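See structure below.
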Amino acid sequence: MVIVLKPNAPGQKIEELVYEIENKGLTVERVVGSDYTILGLVGDTSSIDIDRIRINDIVHNVMRIQEPFKRVNRFFHPESSLVNVEGVELGGNRIGVIAGPCSVESERQIIEIATRVKAAGACFLRGGAFKPRSSPYSFQGLGYEGLEMLRLAKRETGLPIVSEILSESMVDRFARDVDIIQVGARNMQNFMLLKELGKIRKPILLKRGLSATIEEWLMSAEYIMSEGNQNIILCERGIRTFERYTRNTLDISAVPAVKRMSHLPVVVDPSHATGMGWMVPPMARAAVAGGADGIMVEVHNDPANALSDGSQSITPGEFSDLMISLGIIAGAIGRSI
Ligand code: PEP
Ligand code: MN
């Protein structure tokens, strides 16, 4: 339930109303916008007498939220949320571009790619240090050594770093060393991990699960937010359908859907969505045209010899060309890159 207060409602009266509601065992979240104040009620609202609240003279409107996700719901927070990562904002007018290899492979590799994607205009560097591979015999990532290499690349280029976390036991280290902690598609419903990530304040990039509905995805974001971390970026990375031509099916329509349902920023990953490098530029352009707040692209200096996901990686030169066309599309819809 959401209570929209009248402008200039006196503080004392707001406190009385909050006290009355909290006495019924509910939690009240206050959202103060530029010209409104909203009280978001979380919990079992069946004991709330909606008519009694409506006649309170500081109340403008009361709405019941039908959806099971509350804190991530746009009714709770009508303005789009901005996630600030080391001074770079995601969710505002500027489209954020995250680029880098699927896996960190060596210090030289990550620094070279970081330097080149930065020169082309990327604002974040990605690189997996712990890889959730389908086969236990495939390259599993360099682990914490990989994280150290990412930190070196950050020191060289100034690009904030994005890397995937695999388990709760890694939270302290990732909270210290990584700027955006990625939760991969396979962990979208690892609720214990989500709760631990809710207790920190580092931005979380929450990828959509392989077969997750939009509602399930938003409920996973709700898990993180229910513990207090508001810094969540959603990432559409394709879902599993009957179509086998592409690795997954990129659900571009999820972007406007999520932007309508939630206030959180949405990023699109055309690399994992398609599985083919040649398809990444057109799908990245479609994502920006469709309203994505950012894109995440796998870039490798030697795709043919990459230790993971080479076939869907583009080269730094292709990435640079892509950035030029993304700038044109962003400009056409009143945004920048
Ligand atoms: C990745 O970003 O490297 C990755 C493993 O992605 P996903 O979780 O979307 O498969
Ligand atoms: Mn990958």
Side-chain angles (χ1 to χ4, degrees), residues 96-105 109-110 113 117 122 124-136 138-143 146-147 149-150 161-167 170 174 178-190 193-194 197 203-212 214 216-217 220-221 224 232-241 246-252 254-255 258 266-277 279-280 283-284 287 292 294-315 319:
V97 178
I98 307 168
C102 179
S103 300
V104 180
E105 298 173 8
Q109 173 243 22
I110 193 69
I113 297 172
V117 298
F124 304 97
L125 174 68
R126 66 150 286 150
F130 295 89
K131 297 304 302 176
R133 305 305 297 280
S134 302
S135 164
S138 302
F139 177 59
Q140 303 284 306
L142 297 179
L147 277 194
M149 293 173 188
L150 273 172
I161 52 181
V162 184
S163 202
E164 179 171 355
I165 190 166
L166 292 189
S167 86
M170 300 175 177
F174 271 67
V178 172
D179 300 306
I180 300 181
I181 304 176
Q182 176 175 326
V183 175
R186 289 155 192 83
N187 261 322
M188 188 204 83
Q189 286 188 317
N190 181 341
L193 175 63
L194 299 178
L197 293 172
I204 310 298
L205 182 81
L206 179 64
K207 288 193 137 192
R208 183 176 181 181
L210 305 171
S211 306
I214 293 173
E216 287 164 341
W217 185 20
S220 289
I224 299 172
I232 305 170
I233 303 147
L234 298 164
C235 179
E236 160 63 38
R237 46 77 73 203
I239 46 174
R240 211 171 255 205
T241 68
T246 45
R247 182 176 182 182
N248 291 290
T249 298
L250 178 55
D251 184 8
I252 295 237
V255 174
V258 165
V266 189
V267 162
V268 168
D269 170 352
S271 308
H272 292 86
T274 62
M276 292 175 280
M279 220 188 253
V280 167
M283 291 298 95
I295 57 159
M296 178 154 89
V297 180
E298 285 187 341
V299 178
H300 199 283
N301 50 342
D302 183 9
N305 291 302
L307 295 182
S308 61
D309 286 351
S311 59
Q312 66 191 34
S313 300
I314 58 174
T315 62
F319 175 71

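Along the sequence shown, residues carry numbers from 1. For clarity, every value in this text was computed on a predicted model and none was experimentally measured. We count ligands from 1, going down the list as the structure has it; atoms in each ligand are counted the same way.
Interface of R237 with ligand 1, defined as ligand atoms under 4.0 Å from a residue heavy atom, comprises 7 (P), 9 (O), 10 (O). The atoms of ligand 1 that sit less than 4.0 Å from any heavy atom of E164 are 4 (C), 5 (C). Near R126, meaning under 4.0 Å from one of its heavy atoms, ligand 1 places the atoms 1 (C), 2 (O), 3 (O). Residue contact check: G184 has heavy atoms under 4.0 Å from atoms 8 (O) of ligand 1. Listed by number with element, the atoms of ligand 1 under 4.0 angstrom from any heavy atom of E298 are 3 (O). Listed by number with element, the atoms of ligand 1 under 4.0 Å from a non-hydrogen atom of K131 are 1 (C), 3 (O).
The protein non-hydrogen atom at the shortest distance from atom 8 (O) of ligand 1 is A185 N, 2.7 Å. Looking at atom 4 (C) of ligand 1, its nearest protein heavy atom turns out to be H272 NE2, 3.4 Å.
By the 4.5 Å heavy-atom criterion applied to side chains, C235 and R208 are not counted as neighbours. At least one side-chain heavy atom of Q109 sits under 4.5 Å from a side-chain heavy atom of P101. Looking at heavy atoms from C-beta onward, L166 lies in side-chain contact with N187 at the 4.5 angstrom threshold. A 4.5 Å side-chain heavy-atom check between V183 and L205 finds every atom pair outside the cut-off.
Within D309, the N, O or S atom lying nearest to the Mn ion (ligand 2) carries the name OD2. Counting just the N/O/S atoms of E298, the one with the shortest distance to the Mn ion (ligand 2) is named OE2.
Ligand 1 has no N or O atom lying under 3.5 Å from any N or O atom of D309, backbone or side chain.
The CG atom of L234 sits 11.5 Å away from atom CD1 of I204, with the distance rounded to the nearest 0.5 Å. Between the OG1 atom in T274 and the CZ atom in R237 there is a gap of 11.0 Å [rounded to 0.5 Å]. Note that the OG atom of S167 and the CZ atom of F174 stand 9.0 Å from one another [nearest 0.5 Å].
Between D309 and R247 there is a salt bridge, with a side-chain nitrogen of the basic residue lying less than 4.0 Å from a carboxylate oxygen of the acidic one.
With the Mn ion (ligand 2) as vertex, H272 NE2 and C102 SG subtend 170°, rounded to 10°.
Considering Q182, K207, Q312 only, the shortest heavy-atom separation from atom 7 (P) of ligand 1 involves K207.
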